[in-house]
Amino acid sequence: MINHRRHRRHLVFLAAILLSLGPSEADIRTGYQVTIAIPPVYNPGFVGRAYLMEADGASLPNFKVALSVEASSGGRNYSCSLEVFLGDVKVWNSGHSSRFYLADRCALELTTDGDLQLKGPDERVGWRSGTSGQAVERLQIQSTGNLALVDASDRIKWQSFNFPTDVMLWGQRLSGATRLTSYPANSTSFYSFEIEHDRVALYLNHGSSKYSYWDFAPSLSRNITFVKLGTKGLELFNYEYKKIARITAPRSEPPRFLALDNRTGNMGLYYYSPGEAKFAASFLALNATCDLPMSCPPYGICTLSSACSCIRLTRKLDGTGLDCGGAILGGFCGAGRPAMEMMELDGVDSVIKDGPRRANISKEECTSLCSGDCDCAAALYSSDLRECYIYGIVIGIKQVERGSGLSYLVKVPKGSRGRRGRSGLKRWALVLVGVVDGLVLAAVVGGLMYYLIRKRRKRVSGARNGS
């Protein structure tokens with residue numbers, strides 16, 4: 001049992017437990033229990049970790065299993081979880097979708113009747129495998145990184161591969177019944193990587209709606225049954241287990257895992273570089289900053305210089321960066337809400353797609369659709385296709401070249417237009433979006449002029465000294 005009050009001693013004893021188990025320890029038996037004590041005084045940033053098992057792998061780094069305690073970012077308590085690491089990369093976490101919070105000890109137990117449990121004070125169970133009575137004999141970490149409960153004949157009764165988080169490992173399969181999910185900090189939205197019958201796609205999920213921002217489809221409209229990692233990338237298979245397409249990683253080293261970034265929402269394939277002793281991306285789904293769905297905050301716009309600017313009449317800068325939404329965030333209908341109207345911006349596009357769509361309608365009809373819908377925050381209208389996309393969140397907006405035929409219609413408090421009317425507001429919005437670009441351009445030109453002047457002065461000074 002680990003029970004130490006001071007953080008430094010706590011980490012020292014965690015390391016001692018890892019050494020006592022030895023690198024060959026790859027399973028634990030029923031009846032096993034380990035406990036981590038939590039500091040009596042809340043310690044922000046505290047992480048306590050007891051490494052329990054290590055896989056026998058042919059390639060380094062190996063997979064390791066840990067019982068972890070971490071201080072919560074927004075509270076005064078701690079989360080308790082069972083985790084799998086590949087090197088220093090967390091590839092599975094029992095609390096990925098629902099954390100187990102407690103204020104005292106964190107315990108892991110493989111009960112005598114075969115149920116794997118995380119428990120807090122007073123035997124409160126916060127997570128369990130649900131395998132009681134299934135003849136489970138041990139918990140093992142396999143060479144693939146799969147954490148499995150098995151019986152005496154090595155038949156798997158429960159495995160972490162069936163409960164994907166934000167990482168897909170070599171040997172793991174994903175189908176339409178599973179998906180990867182990733183949760184950005186301080187956001188009500190989350191990302192997902194999903195397998196559909198005709199494509200794989202990245203989604204931004206917001207409330208009951210979800211919007212795609214990247215996809216990959218096999219040629220000839222062939223149906224996908226499952227995907228798995230191969231030596232050259234992510235391979236897509238049909239119901240006959242035949243490979244029908246591949247997302248290729250352009251490196252000779254095979255990818256060790258696929259990950260969905262919880263900050264950007266980007267999906268990547270990662271290989272291990274022994275020379276640098278770290279993982280690096282061999283493939284990224286999105287390579288431009290402005291193509292990421294949350295590259296800028298809500299009601300912000302990603303400019304041509306990949307900087308963020310607000311599309312509202314006012315903006316403020318706080319400790320977290322631009323705050324463009326202000327009082328708009330939080331709903332459009334109901335008592336106490338201000339009256340709203342639609343503001344039109346041209347020269348911008350949205351990277352999020354697949355929202356409710358209406359075809360063969362005018363811009364005026366598209367505007368009315370959004371203004372009369374309490375759940376609509378914005379709409380994108382294409383004059384070329386006469387299509388209208390409805391959005392419940394103002395996010396993923398980027399500046400594009402003029403003449404694209406796209407109009408972005410955003411719901412704002414009534415009166416934001418000012419006295420100039422819609423045309424004046426259009427001009428203002430485009431100027432505000434261009435402010436950051438103009439500043440960047442001015443900085444570049446100014447730096448170039450400074451360099452040329454310095455160079456000319458040195459040339460003149462050298463000529464004088466030579467004479």
Side-chain angles (χ1 to χ4, degrees), residues 1-22 25 27-54 63-132 139 141 147 149 158 160 163 165-167 181-187 262-263:
M1 177 175 178
I2 305 167
N3 190 1
H4 303 280
R5 293 189 176 185
R6 297 184 64 85
H7 188 189
R8 183 174 299 173
R9 293 182 62 202
H10 185 86
L11 294 179
V12 168
F13 278 87
L14 294 185
I17 282 189
L18 174 61
L19 293 174
S20 69
L21 290 175
E25 195 76 26
D27 59 32
I28 58 179
R29 301 278 174 169
T30 55
Y32 177 90
Q33 183 173 0
V34 63
T35 301
I36 298 180
I38 293 174
V41 178
Y42 180 75
N43 185 355
F46 174 86
V47 177
R49 188 163 287 140
Y51 288 98
L52 312 176
M53 297 185 292
E54 184 173 0
F63 291 98
K64 292 184 288 187
V65 181
L67 176 63
S68 297
V69 169
E70 297 186 28
S72 60
S73 57
R76 304 289 299 176
N77 51 14
Y78 296 85
S79 64
C80 168
S81 60
L82 183 63
E83 299 173 336
V84 178
F85 288 84
L86 177 58
D88 59 356
V89 177
K90 186 187 301 182
V91 296
W92 187 81
N93 178 10
S94 64
H96 177 72
S97 300
S98 180
R99 291 187 175 273
F100 175 33
Y101 290 107
L102 36 71
D104 202 338
R105 66 186 184 90
C106 163
L108 173 73
E109 181 180 5
L110 181 55
T111 64
T112 54
D113 62 351
D115 198 26
L116 188 64
Q117 301 177 352
L118 288 176
K119 298 191 294 186
D122 302 322
E123 297 297 303
R124 180 169 66 95
V125 177
W127 177 89
R128 70 194 325 155
S129 62
T131 50
S132 177
L139 174 70
I141 179 66
L147 188 65
L149 289 167
W158 176 94
S160 61
F163 301 90
T165 56
D166 54 359
V167 173
T181 53
S182 189
Y183 302 91
N186 303 318
S187 176
N262 66 355
R263 184 178 60 85

Those residues at least two apart in sequence (or on a different chain) that pass side-chain hydrogen bond (donor to acceptor under 3.5 Å, both in side chains) with Ser182 are none
Mind jotting down which residue pairs meet the ring-ring contact (aromatic ring centres under 6.0 Å, His included) criterion with at least one end in residues 106-131? Sequence neighbours excluded, please. Trp127-Trp158
Arg124 vs Leu102 side-chain heavy atoms within contact, under 4.5 Å: yes
In chain order, what residues pass the salt bridge (charged side-chain N to carboxylate O under 4.0 Å, His left out) check against Glu109, with sequence neighbours excluded? Lys119
Any side-chain to backbone donor/acceptor pair from Thr30 onto Thr112? Under 3.5 Å, distance only. no
When every non-hydrogen atom of Thr35 is compared with those of Ala107, the smallest separation belongs to OG1-CB, 3.6 Å
Please list, chain by chain and in numerical order, all residues satisfying side-chain contact (heavy atoms from CB on, under 4.5 Å) with Asn77, sequence neighbours excluded. Ser72, Tyr101
What pair of heavy atoms forms the shortest contact from Gly45 to Ala71, and how long is it? N-CB, 3.7 Å
Distance, nearest 0.5 Å, that separates CG of Leu108 from CG of Leu139: 7.5 Å
Working to the nearest 0.5 Å, report the span between CG of Leu52 and CD1 of Ile28. 6.0 Å
Arg263: what forms a side-chain contact (heavy atoms from CB on, under 4.5 Å) with it, not counting sequence neighbours? Asp261
Do His96 and Tyr183 have ring centroids that are under 6.0 Å from one another? yes
Is there side-chain contact between Val69 and Val47, with heavy atoms separated by less than 4.5 Å? no
Between the CG atom in Asp122 and the CZ atom in Arg105, the distance rounded to the nearest 0.5 Å is 8.5 Å
How would you list, by chain and number, every residue that makes a side-chain contact (heavy atoms from CB on, under 4.5 Å) with Asp113, sequence neighbours excluded? Thr111, Asp115, Ser132
Output the distance between atom CG (Leu67) and atom CD1 (Ile36), rounded to the nearest 0.5 Å. 4.0 Å
Applying ring pair (Phe, Tyr, Trp, His ring centres under 6.0 Å) to Tyr42 and not counting sequence neighbours gives Tyr78
If every non-hydrogen atom of Asp166 is compared with every non-hydrogen atom of Thr181, which pair is closest and at what distance? CB-O, 3.2 Å
Of all heavy-atom pairs between Leu147 and Met53, which one has the smallest distance, and what is that distance? CD1-CE, 3.8 Å
Nearest atoms (heavy-atom pairs only) where Leu118 meets Phe100: O-CE2, 3.8 Å
Tell me, which pairs form a disulfide (SG to SG under 2.5 Å) where one or both residues lie in residues 65-95, sequence neighbours left out? Cys80-Cys106
Please name all residues satisfying side-chain hydrogen bond (donor to acceptor under 3.5 Å, both in side chains) with Ser81, sequence neighbours left out, ordered by chain then number. Glu83, Asn93
Excluding sequence neighbours, so at least two apart, what forms side-chain hydrogen bond (donor to acceptor under 3.5 Å, both in side chains) with Ser160? Asn146
Rounding to 0.5 Å, atoms NZ (Lys90) and CZ (Phe85) come to a distance of 5.0 Å
Looking only at heavy atoms, what is the nearest atom pair of Leu116 and Thr131, with distance? N-OG1, 4.2 Å
Roughly how far, to the nearest 0.5 Å, is CG of Leu110 from OH of Tyr32? 10.0 Å
